[in-house]
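Below is one structure; the comments refer to it alone.
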Amino acid sequence: MGFWGIEVKPGKPHPYHSDSVPGTLHVTQATLGLGSSTERSILQCSVGDKNSIFLCSLLPNKTESCSLNLEFDENDLVAFSVIGPRSIHLSGYFVADSGDYLR
Amino acid sequence: MGFWGIEVKPGKPHPYHSDSVPGTLHVTQATLGLGSSTERSILQCSVGDKNSIFLCSLLPNKTESCSLNLEFDENDLVAFSVIGPRSIHLSGYFVADSGDYLR
Amino acid sequence: MGFWGIEVKPGKPHPYHSDSVPGTLHVTQATLGLGSSTERSILQCSVGDKNSIFLCSLLPNKTESCSLNLEFDENDLVAFSVIGPRSIHLSGYFVADSGDYLR
Amino acid sequence: MGFWGIEVKPGKPHPYHSDSVPGTLHVTQATLGLGSSTERSILQCSVGDKNSIFLCSLLPNKTESCSLNLEFDENDLVAFSVIGPRSIHLSGYFVADSGDYLR
Amino acid sequence: MGFWGIEVKPGKPHPYHSDSVPGTLHVTQATLGLGSSTERSILQCSVGDKNSIFLCSLLPNKTESCSLNLEFDENDLVAFSVIGPRSIHLSGYFVADSGDYLR
């Protein structure tokens with residue numbers, strides 16, 4: 001197990017890499033990055049060439065963080081990206097396939 | 001396992017298809033789609049000919065995304081639909097019955 | 001497993017019925033019903049003749065839906081009711097005792 | 001298993017009693033009680049003589065309920081209390097150690 | 001199992017100590033501490049010398065508490081810190097590796 005976190009910046013899609021370790025990534029939180037813009041920033045997820053799906057919408061000074069509950073494994077070929085002016089921090093934890101989670 | 005997401009558009013009920021793969025769909029997040037209307041959009045779920053049940057209510061510029069915790073399997077004959085002017089993106093993940101979830 | 005949903009109307013307490021199927025009901029979401037009143041509506045749960053406990057408070061145009069995480073089984077003799085002018089939709093899912101949940 | 005709920009009133013710390021039944025209490029929701037004050041009410045938890053920890057902060061007319069995810073067993077000697085003018089209702093469910101949860 | 005809580009104060013990073021007991025720490029809630037400043041306070045988590053990741057952003061008088069879902073074990077070398085004027089209380093529970101969780 002281990003803490004996991006990335007910062008997804010506007011204009012820079014962030015692919016999910018499982019680093020070759022079999023296991024499950026739990027993405028559980030999204031938080032707006034620093035910045036002065038008061039426009040919303042939307043987190044989206046794309047899979048191959050399908051349409052992107054919005055995961056959350058963060059509003060400066062109103063709703064700046066949001067719980068998520070997503071799980072990915074090493075076969076998921078997804079990318080996170082942001083629509084809007086500010087970055088979005090994603091956090092969660094990774095559980096390797098060693099069975100530690102159900103000790 | 002795999003990321004799952006759909007966009008439910010106003011006026012177009014979206015049935016849940018399990019694609020013949022036995023397993024459990026976890027629907028965990030709803031987010032308002034793009035648009036200029038400031039009216040609320042409500043996500044609802046219908047089962048057969050029973051009354052529809054509201055799952056969440058999203059308010060532009062106030063609450064644009066919402067956590068959910070719903071599970072469906074291949075025997076669930078449900079449809080998602082939207083009351084209001086804007087689409088709602090649903091996301092989550094699918095766990096097949098191979099037992100991968102409890103490795 | 002199966003989707004579960006009810007609409008709890010003001011003045012009409014709604015007992016939980018397990019329909020004789022042994023299993024666990026997961027109640028995971030509450031959403032305000034339609035209406036023009038802007039007063040809050042509170043969902044409460046009563047057990048026998050004990051005092052009722054508030055489960056959530058929904059505010060029109062501010063917070064119209066709310067995540068819950070409650071579990072009930074066939075031995076729970078509870079009733080849901082609403083304090084306030086508008087109905088509250090409850091949703092979730094039922095897991096029968098066949099062991100399907102931990103396939 | 002069974003529904004669990006208490007009302008924590010200002011000035012009256014509420015110890016957690018497990019009633020001698022081995023098992024796990026899941027506290028999953030906090031909701032503001034009735035009252036006219038518009039001041040915030042904060043739920044806190046104390047363990048022995050350590051400093052109290054805030055669990056949530058409820059704001060009348062803005063955020064009147066809040067999801068929690070806390071677990072306690074019969075060895076936890078904790079007390080809940082409220083800072084502020086209004087009571088806070090806590091709800092959740094109790095799972096006895098009979099193994100029913102993982103049927 | 002046991003209740004877990006800390007107060008993270010501005011300017012004082014708080015390392016996670018597992019106290020040598022093998023197990024999993026579940027951090028499930030963040031709540032703003034007392035104070036008069038109305039500026040936001042952001043909770044972040046750092047791992048070694050990597051960039052810090054924001055976990056949540058709390059706004060006085062608007063959003064003063066926030067659900068989290070993070071898990072750490074004794075191999076996680078992380079530290080929590082606050083950007084902003086007010087402390088943030090973290091709470092959750094610890095599950096030791098004795099297997100009590102899946103009794």
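A distance of 8.5 Å separates NZ in K62(D) from NZ in K62(C), rounded to the nearest 0.5 Å. The line from NE2 of H89(D) to CD of Q44(C) is 8.5 Å long, rounded to the nearest 0.5 Å. Atom CG of L34(D) is separated from atom CD1 of I42(C) by 5.0 Å, given to the nearest 0.5 angstrom. In this structure, N61(D) CG and S57(C) OG are separated by 8.5 Å, a value rounded to the nearest 0.5 Å. Distance check: F3(D) CZ to L55(C) CG gives 5.0 Å after rounding to the nearest 0.5 Å.
At a 4.5 Å heavy-atom cutoff, L58(D) makes no contact with chain C through either its backbone or its side chain. Proximity to chain D (any heavy atom under 4.5 Å) is restricted, for T63(C), to the side chain, taken from C-beta onward. Heavy atoms closer than 4.5 Å to chain D are found in both the backbone and the side chain of C56(C). For a residue to count as touching a neighbouring chain, one of its non-hydrogen atoms must lie under 4.5 Å from one of that chain's; by this rule L59(C) touches chain D with the side chain only. Residue I88(D): no heavy atom, backbone or side chain, is found under 4.5 Å from chain C.
Across L68(C), L43(C), I53(C), N69(C), a single residue satisfies side chain to side chain contact (heavy atoms under 4.5 Å, CB included) together with Q29(D), and that is L68(C).
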